[in-house]
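Here the structure comes first, spelled out in structure tokens, and everything after it is commentary.
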Amino acid sequence: ATSKLLVNYPEQQRNEILDYLFKPYYGASLQILKVEIGGDSQSTDGSESSHMHAEDDEDYNRGYQWGIMKEAKKRNPSIKLYGLPWVFPGWLADDRKLNPYFNISSTVRYVVNWIKGAKVHHDLDINYIGLLRRTLNDNGLNDVKLVAPDAMNWSYVDELISDEELRSAVDIIGQHYPGGYSPDIARSLSKKLWASEDYSTVDDVIGSACWARVLSEGVVFGYLTSFIAWNMVSSYYEGLPYSRSSLMTANQPWSGHYEVNGPIFITAHHTHFYDVGWVYSPHGEGVGVLKGGGTFVTLTNPVSRDVTIVVETIVSFQNAFTIIRCFIKDCYCYNL
Ligand SMILES: *[C@@H]1O[C@H](CO)[C@@H](O)[C@H](O)[C@H]1NC(C)=O
Ligand SMILES: *[C@@H]1O[C@H](CO)[C@@H](O)[C@H](O)[C@H]1NC(C)=O
């Protein structure tokens, strides 16, 4: 719901904002876009219309995320798309409206319809989703990869270890707000580890420092290789929860005013210098801590052998502010 106001911007400013987010090597140059599947329910900063209001209803032109995915793809055809049903329409739930997995075949159909609708109605290939291996394969969607649990809970790894079918179904272990950490047991599974939701800090200088640390310390200490900022753009009214917890601010469509904030440029320090497909050294060489504080991460292009080193030297006084604000605002960006 955080990009709600973006569609209402005048065309010129909307295109400028979308360029700052998605145009390669320009602003943030984002490499992955995660969208919530509109679910007819309150979702922190608003609600988005579902593609299925009822069991026999389908419409793939509701909401605003299709448009944002298309604008992203138009600017960067190789951006990865990732969907997650975070809320569900009431018809999927049990009588007490608490369990959307009550009738699993209905929930599966609901999510698979969304992926197929993306392709049929918008020519969008979804790369990652939050569930459902067997049905995806049955529908010819073998290339859609699974990220799980996509929540804040490392004990899911125990289930992966004890359940072989689950383990082979899940491609990526996605954690929310991992705080630059992953347990040894998660690393032992030879699966990619992602911060599938992170950051959530006001987009000023402190938020920028926080995001810089998330992107580098997550690699050095957590062996994480993808970082999804919640959220991308503050296109929701000031005063709603987590105001400006974004990479940039665009919440005044009536005037066209917007602000390109620090986290856009922090992102650029990574995304302008390596692409999806570049690799870290398999044994952890090339990433580490600097003597005087800060970190460095090295990536190489496996084909051309080009090398990028990103150095981060966020000084300790910034850390103090970040930590204080995390206490006050209950943010999770930094592992105390
Ligand atoms: C799940 O929903 C489908 C479609 O309405 C229905 O045919 C099926 O019987 C339901 N299954 C259960 C276990 O309720
Ligand atoms: C964490 O995951 C485990 C295993 O999947 C589950 O049993 C537990 O309920 C989860 N905890 C929370 C708070 O969701």
Side-chain angles (χ1 to χ4, degrees), residues 34 36-44 50-60 82-117 128-139 141 145-198 200 218 222-224 228 230 241-242 326 330-333 335-336:
K34 178 177 177 181
E36 203 171 306
I37 299 177
D40 286 347
S41 308
Q42 140 66 356
S43 192
T44 308
S50 169
H51 58 291
M52 293 177 75
H53 291 318
E55 193 178 344
D56 56 358
D57 168 62
E58 288 181 56
D59 184 326
Y60 298 90
Y82 174 179
L84 174 68
W86 191 247
V87 291
F88 293 88
W91 64 270
L92 281 169
D94 60 333
D95 292 345
R96 296 174 60 217
K97 305 277 183 221
L98 292 177
N99 181 12
Y101 303 97
F102 171 67
N103 179 333
I104 199 70
S105 65
S106 296
T107 309
V108 164
R109 187 172 145 251
Y110 173 81
V111 176
V112 168
N113 277 356
W114 185 83
I115 299 174
K116 288 165 132 181
Y128 304 101
I129 195 79
L131 13 118
L132 326 169
R133 184 74 272 155
R134 271 188 238 146
T135 314
L136 290 173
N137 293 353
D138 292 347
N139 283 274
L141 299 169
K145 298 229 183 314
L146 250 65
V147 183
D150 214 340
M152 202 190 298
N153 186 353
W154 282 112
S155 40
Y156 184 76
V157 173
D158 298 337
E159 266 181 61
L160 289 176
I161 286 168
S162 62
D163 185 333
E164 197 185 330
E165 189 186 8
L166 180 66
R167 190 164 68 246
S168 62
V170 169
D171 300 285
I172 291 146
I173 302 174
Q175 282 292 319
H176 290 194
Y177 305 95
Y181 165 82
S182 60
D184 289 342
I185 195 158
R187 295 177 197 169
S188 71
L189 289 177
S190 303
K191 293 196 183 292
K192 284 184 181 146
L193 307 178
W194 282 10
S196 59
E197 183 176 320
D198 212 322
S200 195
Y223 290 61
L224 301 151
I228 313 267
W230 190 89
Y242 304 100
C326 284
D330 190 27
C331 75
Y332 306 97
C333 71
N335 181 18
L336 302 181

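Position 1 is the first residue of the sequence; numbering continues from there. As the structure lists them, so they are numbered: ligands from 1, and atoms in each ligand from 1. Excluded from the calculations below are hydrogen atoms, water molecules and symmetry mates; all remaining heavy atoms, backbone and side chain alike, are included.
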Original post:
Is the closest side-chain donor-acceptor distance between D150 and Y82 under 3.5 Å?
Top reply: yes

Subject >> Any non-hydrogen protein atom less than 4.0 Å away from atom 7 (O) of ligand 1 >> reply: no

Original post:
How are the rings of Y110 and F88 set to each other: parallel, tilted or perpendicular (split at 30° and 60°)?
Top reply: tilted

**OP:** Side-chain contact test, heavy atoms from C-beta onward, threshold under 4.5 Å: evaluate it for Q175 versus L193 and give yes or no.
**Re:** no

Subject >> For E55, the ligand 1 atoms whose distance to one of its heavy atoms is below 4.0 Å >> reply: 4 (C), 5 (O)

**OP:** Scan side-chain atoms only and decide if D59 and H51 contain a donor-acceptor pair under the 3.5 Å cut-off.
**Re:** no

Subject >> Distance filter under 4.0 Å to S106 heavy atoms, resulting ligand 1 atoms >> reply: 1 (C), 2 (O)

Original post:
With a 4.5 Å limit on heavy-atom distance, are the side chains of P89 and M52 in contact?
Top reply: no

Subject >> Interfacing atoms of ligand 2 (cut-off 4.0 Å, heavy-atom, S155) >> reply: 1 (C), 2 (O), 3 (C)

Original post:
Hey, does W91 have a side-chain heavy atom less than 4.5 Å from the side chain of D40?
Top reply: no

**OP:** Provide, to 0.1 Å, the distance between atom 3 (C) of ligand 2 and the closest protein heavy atom, together with that atom's residue and name.
**Re:** N153 ND2, 3.5 Å

Original post:
So which protein heavy atom does atom 4 (C) of ligand 2 come closest to, and at what separation?
Top reply: E159 OE2, 2.7 Å

Subject >> Closest to atom 11 (N) of ligand 1 among N103, L92, T107 (heavy-atom distance) >> reply: N103

**OP:** Please check atom 13 (C) of ligand 1 for a protein heavy-atom neighbour under 4.0 Å.
**Re:** no

